[in-house]
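The structure under discussion appears below in the form of structure tokens.
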Amino acid sequence: MNSRPPPYYENYAYQPENFGPPRHFGGYNVYLPSSSPHYLPSVPPHYPPSVPHYVPRVSTHQSTPVPTIVQPTPSSSKTCMPKTRKALILILSIVIILVGAAIAGVLIWYFETDSCSGSKIHCGTTGICVTPAQWCNGMIDCPNGEDENRCVRLYGPDFILEVYSSENKGWYSICHDDWNDGYGKTACTDMGYNKNTYLNSKGIAPISGNVSFMRLNTSAGSTDFYKTLYKSLWCPSGSVVSVRCIDCGLSNKRASARNRIVGGNAAFPGDWPWQVSLHTHGVHLCGGSIITPEWIVTAAHCVEGVYSDSHQWSVYAGILSQLAMSSSRGYRVAKIISHPNYDPSTKNNDVALMKLQSSLFFDELIRPVCLPNPGMMFQPEQKCWITGWGAKHQGGNTSVELNAASVPLIDSSTCNGIFFYNGLILPTMICAGYLEGKVDSCQGDSGGPLVTLKDSLWWLVGDTSWGSGCAGPFKPGVYGNMTRFTDWIYRNMQVTQS
């Protein structure tokens with residue numbers, strides 16, 4: 001491994017022609033990473049206006065001398081008054097400082113322990129907070145055990161709701177008997193979704209081999225359905241709960257494949273409604289995918305270093321042309337969260353989240369893509385699609401129009417072969433493309449979606465991460481493996497939900 005060059009990222013936004021060409025190293029036709037983000041359109045530095053210096057005006061003419069007035073010498077009885085006043089002022093200042101310190105201490109204690117500021121999660125109504133790492137880790141940290149009995153997830157392509165039982169150390173589907181939408185909204189909120197996006201709950205056939213369930217004890221008298229759940233070997237209705245927390249994965253894309261990004265064709269309105277363009281200082285830099293009205297998934301390398309400031313970003317949704325974006329106002333970004341284990345040298349865990357300051361309004365042009373649920377496996381050769389405003393050929397300019405192309409998934413063992421990436425593909429990565437090249441993501445597609453159609457819904461398989469060149473033989477595109485990131489995404493959505 002030490003004898004091989006590190007992965008090179010080729011899918012950043014390409015430098016416009018009026019800027020200097022990228023450097024080439026050795027025999028590799030790639031751009032090597034530097035200490036700062038690379039392959040980015042050059043942006044002129046922004047300097048704050050200089051601070052004016054005000055100089056006292058000095059008169060240049062001779063002034064008339066002022067006669068000296070001799071003041072009478074104060075008596076000794078008056079000299080003690082200033083000393084007393086100074087002592088009183090000193091005592092009062094000390095009291096003010098002590099009171100201020102006490103107030104600051106109370107505020108710090110309140111925000112750190114009671115208000116779940118920062119990245120903490122609230123333990124029900126007890127006023128206690130825990131860190132995300134303590135949530136669903138098999139150890140009870142909340143007074144009433146909320147950190148372990150409120151662990152929910154959606155399983156498989158049918159969105160089967162499952163609850164983790166810390167007592168039984170396993171995930172269990174919930175019997176549909178006595179279930180209602182109120183419980184469904186609670187479960188979706190606990191996964192980080194806004195309750196306003198809740199779609200529905202229904203009963204479906206359980207997974208084959210499922211012999212244990214969680215059932216609702218409606219006579220328990222508790223408004224918290226988690227506290228009423230108990231393990232059972234019998235489900236009277238024979239159906240388990242399926243929950244749709246958001247109406248995701250819908251598209252106007254035509255059934256006919258325009259299978260000719262590099263090797264791609266221009267997209268039509270509504271084909272890829274989750275695709276967004278991420279701009280900094282008015283320039284398209286990366287792509288991203290809508291997963292909720294407030295949340296965007298992109299690549300961590302897009303927002304590293306000087307690009308980690310959320311205030312410099314604008315998000316454009318539902319617009320296919322970069323020219324149209326220049327005359328439109330994008331959505332402002334409130335917060336950027338990069339994966340804590342992202343490694344710039346290997347591109348391991350190359351994923352990040354953007355939270356918008358205001359919510360997107362969903363219509364036929366703006367819609368979310370579905371996050372893959374645990375239990376979903378994407379097979380080699382499965383047909384996927386890549387989209388973006390990246391260059392149409394290596395070394396080209398960023399595209400004005402959104403392009404799309406079809407690429408099959410490649411088995412990781414094949415992609416790690418000696419003629420491909422020779423061990424550089426980690427479990428958090430997935431490859432897609434053709435052995436002969438010709439169709440691939442490129443500069444400017446970074447952070448954008450790799451999606452597939454399954455069970456009539458579009459699922460986010462990965463985010464565009466890196467590659468050696470664009471569309472070269474035996475060098476397919478490499479994408480962040482979204483199945484490895486969904487738990488991290490949900491946890492951050494939950495912590496920072498409004």
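Residue indices begin at 1 and follow the sequence shown.
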Point to revise | Pair D343 + K347, salt bridge at N-O below 4.0 Å | key: no
Review point. So, are E294 and K355 salt-bridged, with charged N and O less than 4.0 Å apart?
Key: no
So does [Y] get a backbone contact from the side chain of [X], meaning a donor-acceptor N/O pair under 3.5 Å?
X    : Y    : value
N481 : T428 : no
S328 : A324 : yes
N492 : W488 : yes
T189 : K185 : yes
T197 : C245 : yes
N416 : S413 : no

Review point. Can you check side-chain hydrogen bond (donor to acceptor under 3.5 Å, both in side chains) on T486 and N373, steps first, answer last?
Key: CA-CA 7 Å; T486 49; N373 296 322; over 6 Å; no
If you take the centroid of each ring, where Trp contributes its six-membered ring, are [Y] and [X] closer together than 6.0 Å?
X    : Y    : result
W234 : F213 : no
W385 : Y479 : no
Y421 : W466 : yes

Point to revise | E401 atom CD, over 12 foreign heavy atoms within 6.0 Å | key: yes
Is any side-chain heavy atom of [X] less than 4.5 Å from a side-chain heavy atom of [Y]?
X    : Y    : value
S212 : S232 : no
V297 : L353 : yes
W179 : L161 : yes
V369 : I290 : no
D178 : Y183 : no
V400 : L323 : yes
T298 : L278 : yes
S289 : Q275 : no

Point to revise | NZ or CZ of R244 within 45° of F159 ring axis and under 6.0 Å | key: yes
Would you tabulate the side-chain donor-acceptor contacts of residues 447-456 under 3.5 Å, counting partners in other chains and residues two or more places apart, or write 'none'?
residue : atom : partner : partner atom : Å
T452    : OG1  : Q382    : NE2          : 3.2
T452    : OG1  : K383    : O            : 2.8

Check your understanding: Can you list the residues that meet the ring-ring contact (aromatic ring centres under 6.0 Å, His included) rule with Y164, with sequence neighbours excluded?
Key -> W171
Review point. Roughly how far apart are D158 CG and S242 OG, rounded to 0.5 Å?
Key: 6.5 Å
**Study point:** Pair listing, ring pair (Phe, Tyr, Trp, His ring centres under 6.0 Å) test, anchored in residues 314-334, at least two apart
**Key:** H279-Y316
Exercise for review: Could you label the plane-to-plane angle of the W458 and W272 rings as parallel, tilted or perpendicular, counting under 30° as parallel and over 60° as perpendicular?
Suggested key: perpendicular
